[in-house]
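Below is one structure, written out as structure tokens; the observations come after it.
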Amino acid sequence: TKRFATLIEVIKDQAILTVSETPDVGIVNFYIEAKKVRFAINVSKAKAAVLTISSQLLRLATVKEDK
């Protein structure tokens, strides 16, 4: 966990898409809901990483935004 936190800190300002099962860590986060795998996209983190997420993908995801 400590190593992962260090890695996230190093790459946070780069155009790198991070995907994680850990809540609120990556730009894309996978989770289980009603026995199905779902995913959430944090659009604030995507914008900070200068990444554009397609509208088709956003329609399928739970969209989150940092305040």
Side-chain angles (χ1 to χ4, degrees):
T1 304
K2 185 178 179 182
R3 211 168 91 189
F4 186 70
T6 302
L7 177 62
I8 292 296
E9 186 63 30
V10 169
I11 66 170
K12 73 177 182 179
D13 295 326
Q14 297 181 36
I16 297 174
L17 177 66
T18 53
V19 180
S20 176
E21 293 178 349
T22 305
D24 301 319
V25 173
I27 294 170
V28 178
N29 289 286
F30 289 100
Y31 61 95
I32 304 291
E33 181 180 88
K35 297 185 180 181
K36 294 184 179 184
V37 177
R38 308 280 186 189
F39 66 100
I41 298 175
N42 187 314
V43 293
S44 298
K45 289 181 181 180
K47 287 177 187 175
V50 194
L51 296 173
T52 303
I53 308 294
S54 80
S55 60
Q56 292 175 328
L57 191 58
L58 288 171
R59 275 189 237 127
L60 298 172
T62 299
V63 177
K64 296 190 174 192
E65 196 163 352
D66 291 339
K67 295 180 180 182

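One-based numbering along the sequence shown. Keep in mind that this is a model prediction, so the values were computed, not measured.
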Checklist entry - Near Gln14 CD, under 6.0 Å, is it more than 12 heavy atoms from other residues, nucleotides or ligands? => result yes
Checklist outcome for this item: Excluding Leu17, membership of its hydrophobic cluster (Ile, Leu, Val, Met, Phe, Trp, Tyr; side-chain heavy atoms within less than 4.5 Å) reads Val19, Ile27, Val28, Phe30, Ile32, Val37, Phe39, Ile41, Val43, Leu51, Ile53, Leu57, Leu58, Leu60, Val63
Checklist entry - Which residue pairs pass the side-chain hydrogen bond (donor to acceptor under 3.5 Å, both in side chains) test when at least one of the two sits in residues 35-54, sequence neighbours left out? => result Asn42-Asp66
Checklist outcome for this item: Shortest non-hydrogen pair, Ser20 vs Val25, comes out as OG-CB, 4.0 Å
